[in-house]
Amino acid sequence: MEDGSASFRAPCQDGPNLEQALFLVQPETLLRWHRELFRLFWKRTSKGHERKPKLSSETISLIKEMAANNRLWGAERIHSELLKLDIRVSKRTIQNYMRPIRRKRLSGQTWKTFLRNHAAEVWACDFLQVPDLFFRPLFAFFIIEL
């Protein structure tokens, strides 16, 4: 090219002779094409494919019912109960179906409320090492009532 920058010649399938088969491409263009194709490849590769659930709807409803009716049972207990019924499901699958059923419980108090209620009884302590002028270690232990 006339501006002195490097260029690549890429083959083109359209032309019958060599001059029509080649065209000049800037290195930035080639790198941009590579980045776009790389991004497109991984976007397609990592996209979740829509699949039908491999579990029957009866099994899914059974997992949800067990999770709702037995609040203390975890995925491992539900897994063992399903094995007794000869239903083979992984614990991770059970956890995925339990998640919408079991929401976080509301806590009774926030930290702010707890600290405000117990501020009179809260103490803070710290234990640290301080070097003196001759770099000998001195130890200090502080207790502070808040």
Side-chain angles (χ1 to χ4, degrees), residues 1-14 21-146:
M1 299 196 89
E2 290 133 13
D3 62 344
S5 65
S7 63
F8 296 105
R9 292 184 177 253
C12 179
Q13 302 295 334
D14 297 334
L22 297 175
F23 63 97
L24 297 177
V25 178
Q26 292 290 325
E28 294 82 20
T29 306
L30 187 65
L31 290 172
R32 188 185 77 235
W33 289 346
H34 176 68
R35 281 191 298 269
E36 288 173 1
L37 286 173
F38 186 82
R39 196 172 318 142
L40 181 66
F41 171 78
W42 283 109
K43 184 178 180 181
R44 288 187 56 122
T45 302
S46 64
K47 185 183 286 188
H49 301 289
E50 292 185 30
R51 298 181 218 145
K52 286 193 325 186
K54 295 180 182 178
L55 298 177
S56 65
S57 59
E58 294 87 18
T59 304
I60 294 171
S61 64
L62 183 61
I63 290 171
K64 290 180 179 181
E65 183 181 344
M66 286 177 152
N69 293 339
N70 304 297
R71 302 288 295 171
L72 298 178
W73 287 10
E76 192 164 336
R77 174 71 187 267
I78 293 175
H79 179 254
S80 63
E81 294 296 322
L82 290 174
L83 284 177
K84 291 177 187 176
L85 300 173
D86 201 31
I87 300 172
R88 301 206 180 281
V89 181
S90 72
K91 285 186 265 187
R92 183 68 185 139
T93 303
I94 294 170
Q95 288 172 342
N96 288 338
Y97 287 111
M98 285 174 61
R99 190 172 295 129
I101 301 298
R102 299 215 177 142
R103 295 289 177 199
K104 282 188 173 180
R105 295 179 188 153
L106 295 174
S107 61
Q109 263 185 357
T110 63
W111 274 108
K112 184 178 179 181
T113 308
F114 175 81
L115 291 174
R116 191 179 318 118
N117 291 340
H118 299 283
E121 294 86 22
V122 174
W123 292 47
C125 65
D126 194 11
F127 184 72
L128 58 116
Q129 180 180 354
V130 181
D132 65 358
L133 291 176
F134 299 107
F135 297 104
R136 291 178 295 190
L138 296 175
F139 298 99
F141 183 66
F142 294 97
I143 299 175
I144 303 169
E145 183 179 0
L146 299 177

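Side-chain atoms are counted along with the backbone in the values below, which use heavy atoms only and exclude waters and symmetry mates.
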Return the CZ to CG distance between R35 and L30, rounded to the nearest 0.5 Å.
10.0 Å
Those residues that, when tested against F142, pass side chain to side chain contact (heavy atoms under 4.5 Å, CB included) (two or more places apart)
L128, A140
Please report the shortest heavy-atom distance between K64 and Y97, naming the atom on each side.
CG-O, 4.0 Å
Using modelled atom types only, decide if a donor and an acceptor are shared between the side chain of H79 and the backbone of V89 within a distance under 3.5 Å.
yes
Run the salt bridge (charged side-chain N to carboxylate O under 4.0 Å, His left out) test against K84 and tell me which residues pass, sequence neighbours left out.
E81
Qualifying residues under side chain to side chain contact (heavy atoms under 4.5 Å, CB included), relative to S61, sequence neighbours excluded
none
List for me each residue that meets side chain to side chain contact (heavy atoms under 4.5 Å, CB included) alongside R88, sequence neighbours excluded, and say none if there are none.
L83, D86
H118: partners by side chain to side chain contact (heavy atoms under 4.5 Å, CB included), with sequence neighbours left out:
F114, E121, V122
Would you call the rings of F141 and F127 parallel, tilted or perpendicular if under 30° counts as parallel and over 60° as perpendicular?
tilted
Backbone N or O of L55 within a donor-acceptor pair of the T59 side chain at under 3.5 Å?
no
Salt-bridge contact E28-R32 (side-chain N to carboxylate O under 4.0 Å):
no
Which residues satisfy the salt bridge (charged side-chain N to carboxylate O under 4.0 Å, His left out) test with R136, sequence neighbours excluded?
D132
dist W73:CH2 -> M98:CE (nearest 0.5 Å) comes out at 11.0 Å
